[in-house]
Structures are given as C-alpha cells and as structure tokens.
2 protein chains.
Amino acid sequence: MSTDAIARIRRFNRAVTSEVGALDESFLGRGRPLGAARVLNAIGHGYTDVAEIRDYLGLDSGLMSRLLRSLEAEGLVLTTPHPDDARRRIVSLTPTGEAEYAAYESLSDAQAETILARHPKSEALLAAMDLIATALGRDRIILETVDPNTPDALYCLDQYYAELGRRFATGYDVSLAAAPDAREMSAPLGAFILALSDDLPIGCVGLKGKGTEIAEIKRLWVAPAARGLGLARRLMQAAENAARALSITTLRLDTNSALPEALALYQSSGWVEIDRFNDDPYPDYFFEKTLNS
Amino acid sequence: MSTDAIARIRRFNRAVTSEVGALDESFLGRGRPLGAARVLNAIGHGYTDVAEIRDYLGLDSGLMSRLLRSLEAEGLVLTTPHPDDARRRIVSLTPTGEAEYAAYESLSDAQAETILARHPKSEALLAAMDLIATALGRDRIILETVDPNTPDALYCLDQYYAELGRRFATGYDVSLAAAPDAREMSAPLGAFILALSDDLPIGCVGLKGKGTEIAEIKRLWVAPAARGLGLARRLMQAAENAARALSITTLRLDTNSALPEALALYQSSGWVEIDRFNDDPYPDYFFEKTLNS
DNA sequence: CATATTATCTGACCTAAGTCAGGCAATATG
DNA sequence: CATATTGCCTGACTTAGGTCAGATAATATG
C-alpha cells in the first residue's frame, strides 16, 4: 500500500530521477564531461561574467578556471578582460561554441519531445508539469510591469478570456466587453503587471487609469497551475502600489458572481461593494477601495 | 515567451532537478558515498541477490563487489552463500544496517514532507505528481489478480464509489447497489484484477462469477492520473482472459450514461446492448459480450 | 571425470570532480 | 605611494566512480 502523501511524493521522485539521469547521459554523448557541458550551457544561456557562472553552478574558483581552460582549448569559448575592471573576465562563445551549445539545446528539446510523444493526453501532462514546476519554484515567482502588448501579456489575456468563457454560463465574447486600450494600462496612465515563474507567465493584473485620481483594476488572472499560492493577492497588492505611485486614490473594479474566489479575495482585502458604475453586460458585482497614504 | 510544450517540459525538468539534487546532498550528509548508500537502500528495499542489485542499479560487477565490501567493513551488511548455488551470494542487513537504512528512509520522508508543507493546496500537487509518475512509468504498469479484500483493492473500490458519487446527479450510495461479495470475485468463481504503477494502485476491474458460463464485469475503475493511457481497455482484456480461463462464455455488465468514456469503450470493443437484466437503481445501460474460443 | 560456464572477487588503472594553498596582476584604500 | 583586497589562475592532492583483465570457487555438461 503506497497511497499516503509521503509515499506518493517519493514515487514521483523515483519516476523523475530516471528521466533526469537520461538527459545527463545524452549530454555525455557529446564527448565532454558534464561539468564542462554545464559551463558551456550557462554561457550560451547568457551568463558572461566568470564569477556569475561560478555562483550559478556552485563551482570552486579553481575548478571553474580549469573548465574554462578546457573549453578554450576546444575553441568553444573566448575570455576577454572586463572593460571596467581588468581583473574580472568576460566569457563568450565562438561560432564553434555556438554550434556546440545549439547541439546541447536540441538534445534537451529531443528529450522533451520524447516525453510528449509518449503521452497521448499531453495537455493534462503539461498542466501537471506546470503545476509542479510552479509549486516547487514558488519562492522565485517574480512580478514585472510590462507593456500589455508583449506576447507574454497577450498570452495571459487569452487565457483569461478562455477561462471566463468556461466559467460564464453564457460564454464570453471579448468584443462585447469594453476592451481597455493598451495606453490606459501603461505608464503614465496605468500599468500592466505580469507574474512569471521561471519565465512562464502565470498571472496578470491591469491597472487602467485615465489621468484622474480614480482608476480601475482589470483582467486579474492566475493560471490554474499557480492557484492556492496567494498569487492573486500579491498581484492586487502590486497593482495598488502602482496606483499609489501614480497618485491614484480610489480604485474600482467590476466582477461576476461566477468567480467566487475573486469575490472572496476582494471582500477580504478592504474592498467595499458599490453600485454599478458601467453598462458592461458581464459584471454583476462592483467594488471600490480607497487607498490610504 | 516560453509557453510552448517543449519549453514547458524543460521548465519542469529544471524545477525538479534541484529537488532531486537536494536529496542526494542530504544522503551524502551521512558520510558515505552515494554509490554505497544506493546499494544499502536497495538491500533495505528487499533486494537480496548480488546480481539483482547490480542489475537494478546498473553497476559493474567489480564496483558492486567493492561497494559491498565497504558496507561489510562498516558492519552494515552480511553476505552469505545462496543455499541453492554457493557461487551466488545473498546480502542482508545487520541490525546496524537496518538502523542506517531507516535513517536514509527518514531523510527521504523528510524531503517529501518539506515539499508537502510548503504547498497549501497539497491535493492538487499530489494529483499532478501521480499523473506524471504514472505517465513516465506507463510501460511499467502491471496487472495483478488479487483478493478483493486486500487494502489496495479496497482503496480502488473506495475511489470508484467516490467517483460515482461525483458523476451521478443523485450521488451514489453503495448500500443500494447489489454489493458483490468477495467470494464471487475470487477464484474459482471470478477474479479481481488490480493495475499497479510502481506499487500505487491506479485501476481495477472485477469479474463476478457464479460457477455458470455467464459472469459479470463489475467495478471497472481507472485513476484520474492514469486516464488516456488505454488502461481501461487493458483491464477489460485481462478480465476477459480470466473469464476464458474459468470456462466462462458470456459476459454481462451494467453501466450508466453518466459515464460516457465507459460506454464508448464497451461499444468499441465488441459489446452489444441488451435489455435490463437486474433491478439495481443506478444502471441505465446493459451490455453483453460473447467470448470466442 | 575433464571441461566449460557462471558468479563473484581482486588488483591495476583511469577520469571527473572537487578542495586547498599560494601566486599574480589589477584595483581600492588610508 | 605603500598596503590590502579582489578576481582569477596554477599546482598538488583527494575521493568517487567506473572499466578491464584475470583469479577463484562452485556448478553444469558431454
């Protein structure tokens, strides 16, 4: 019997360790020790400073130096003194190094493709992977203010609309809602805040301003994989801070009773219900919050 | 932008490798190389034959021998010649070895507990882990005929009843359905078949016989984590084989339109709809299949 | 009973990975 | 400007992990 939580987690660990080991094996196939391959990949991934790479990979300074030397001997990397401080050194890939890095990347891709190809219901598998990666990396979730027209922002908005379509009995038609234009959700009128977990967009919120002291919160969304981590609250907090920075004193929002978690969040974080303030067809609840100081 | 499938799988890999590495680190904390710790754990896990352990861990015979010697020197294991063949050797843990093994086990448990404690919505996390472990280990799913009163079988039945309760608009009350007694689902009358993935029960099916050439299929269930892998079909096939072995020529089953996947499975695998053959309150569809040869 | 096979062990050897002390050049500081 | 600090490098050394060629003893086979 192995149905209790601890046993299930340990079973998961066993299942993934063999996959992880398989990738190391395929990396070794390129005839280079793993240490050197890791350094090469770190450089290809954008790390340039020797100390930075050492820190990222947790290497001793002596070992790091030797690994760099061996990559240099292979003609894969080039080290040059840092322009500001000649003690530091900058590492970059030669064209050969770029090709080698690309080869490692395609090994990683191939492994991922194999997993994908072996599972017929891949969407469920990917959703489970997102959930686990987000849960394990919850301390590294970062919020970022971006232009609402960036691909990541548009991806979140698409997901948001799809979710409303599933939640509302009548479906959801974006064109019927008053689409806030990007200008109103960018500085200096408003903001659009994205939550990223290891570069995957997992949530967003929009602050739609008109240059007055009243602004609206729009498009609060948290990916299914990130629910239960308190991310919505964190996004709302960030939106409020952004509003304060823009001298906004009153926030409003509209929502729908088909979104009970959202209602509970607003009611538990200082929002008070007010009368309808627009004629959008979808919302049936309206809230306001006064920002202090 | 990292929202495509490949990128999501690679992100998952990154997220879990650090967890996996952390466990290795904590294992090293017991002052023994990982290789020796792995052998000790394999023995603690029930492996006894030297060749078996070597095969399981993928070790060279020379290395294996040396690791055993070092564990012996520490007083953790005892090797004795195999009673049937004195060339082979069986390894067992000394009391000290048992204690050391238990210490490793509790390190693994502690890591699992940490993961669990850090995630508030742990049921979703566990479900995701089950799905991934099952998907990655799909080639190692085994079917086993067991007594329907074993804990694993009862666990599956509980899950099955809970699922019906969620699916049926009216809920599901086990006491209203004609509960098949264990004797009718055991040899020589019938069978109860379990699907196990790395010891976790992920599906079941019952063959309920009365000693005649007609028998019933009951309690076909597949865990959410294992859906989409063709397991239901495999379980049904095994049930049919078990029926043939018992000289049963006709199988019947009842089901409910609230279980469309089940209906589709029966319709696509040679079952034909027949008239109601019992007065159970729940089923509204009845099928029969004639077993050839 | 001689010979082949099997299972494990031993010694010799190798590479990867990592630690540590000290060296050297560039830069910061009193 | 003397001295300390910083960033990287080199040499010496250690351990883990693993390969390979026999050695040894037990068992199977003609």
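Rounded to whole angstrom, the span from the CZ atom of B:R87 across to the C1' atom of D:dT24 amounts to 12 Å. Rounded to a whole Å, the CG atom of A:D84 is 15 Å from the C1' atom of C:dA28. Straight-line distance from the NE2 atom of B:H82 to the C1' atom of C:dC9: 19 Å, rounded to whole Å. C:dT6 atom C1' lies 8 Å from atom CG of B:D85, rounded to whole Å. If you take CD1 of A:I90 and P of D:dC8, they are 10 Å apart, rounded to a whole angstrom. When the C1' atom of D:dT6 is taken as reference, atom CZ of A:R54 falls 10 Å away, rounded to whole Å. Atom-to-atom, CE of A:M64 to C1' of D:dT10 comes out at 16 Å; the value is rounded to the nearest Å. As rounded to whole Å, 15 Å separates atom C1' of C:dT8 from atom CD of B:E52.
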**Report entry** Sugar-phosphate or base contact per nucleotide [nucleotides 11-20 of chain C; S, B, -; heavy atom under 4.0 Å]
**Finding:** BB---SSBB-
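Using a 4.5 Å cut-off on side-chain heavy atoms (C-beta onward), B:R30 and B:E100 make contact. Annotation: side chain of A:D198 is not in contact with side chain of A:R140 (no heavy-atom distance under 4.5 Å). Under the 4.5 Å side-chain criterion, counting only non-hydrogen atoms from C-beta, A:T150 is not in contact with A:F192. You'll find the side chain of A:D152 stays beyond 4.5 Å of the side chain of A:V146, heavy atoms only.
Using a 4.0 Å cut-off between charged side-chain N and carboxylate O, A:R11 and B:D199 make no salt bridge.
Side chains of B:R32 and B:S70: no donor on one and acceptor on the other come within 3.5 Å. The closest side-chain donor-acceptor pair between B:N41 and B:R38, if any, does not fall under 3.5 angstrom.
Across all non-hydrogen atoms, the minimal contact from B:A195 to B:L143 is CB-CD2, 3.6 Å.
If one axis is set at each end of the helix from C:dC1-D:dG30 to C:dG30-D:dC1 from five pairs, those axes are 10° apart, to 10°.
Applying the 4.0 Å criterion to OP1 and OP2 of C:dA7, one finds that B:R89 has every side-chain N and O outside that range. B:R88 has no side-chain polar atom (N or O) that falls below the 4.0 Å cut-off from OP1 or OP2 of D:dT27.
Considering only the side chain of B:A86, D:dA26 comes nearest among C:dT8, D:dA26, D:dC8. For B:V50, taking side-chain heavy atoms from C-beta onward, the closest of the listed nucleotides D:dT27, C:dT27, C:dT8 is C:dT8. Nearest to the side-chain atoms of B:S61 among the listed nucleotides C:dC9, D:dT27, D:dC9 stands C:dC9.
Within 6.0 Å of NE2 in A:H82 there are more than 12 heavy atoms belonging to other residues, nucleotides or ligands.
Each of B:P83 and A:S65 was assigned the nucleotide of DNA chain D with the nearest heavy atom; the assignment lying further toward the 5' end belongs to A:S65.
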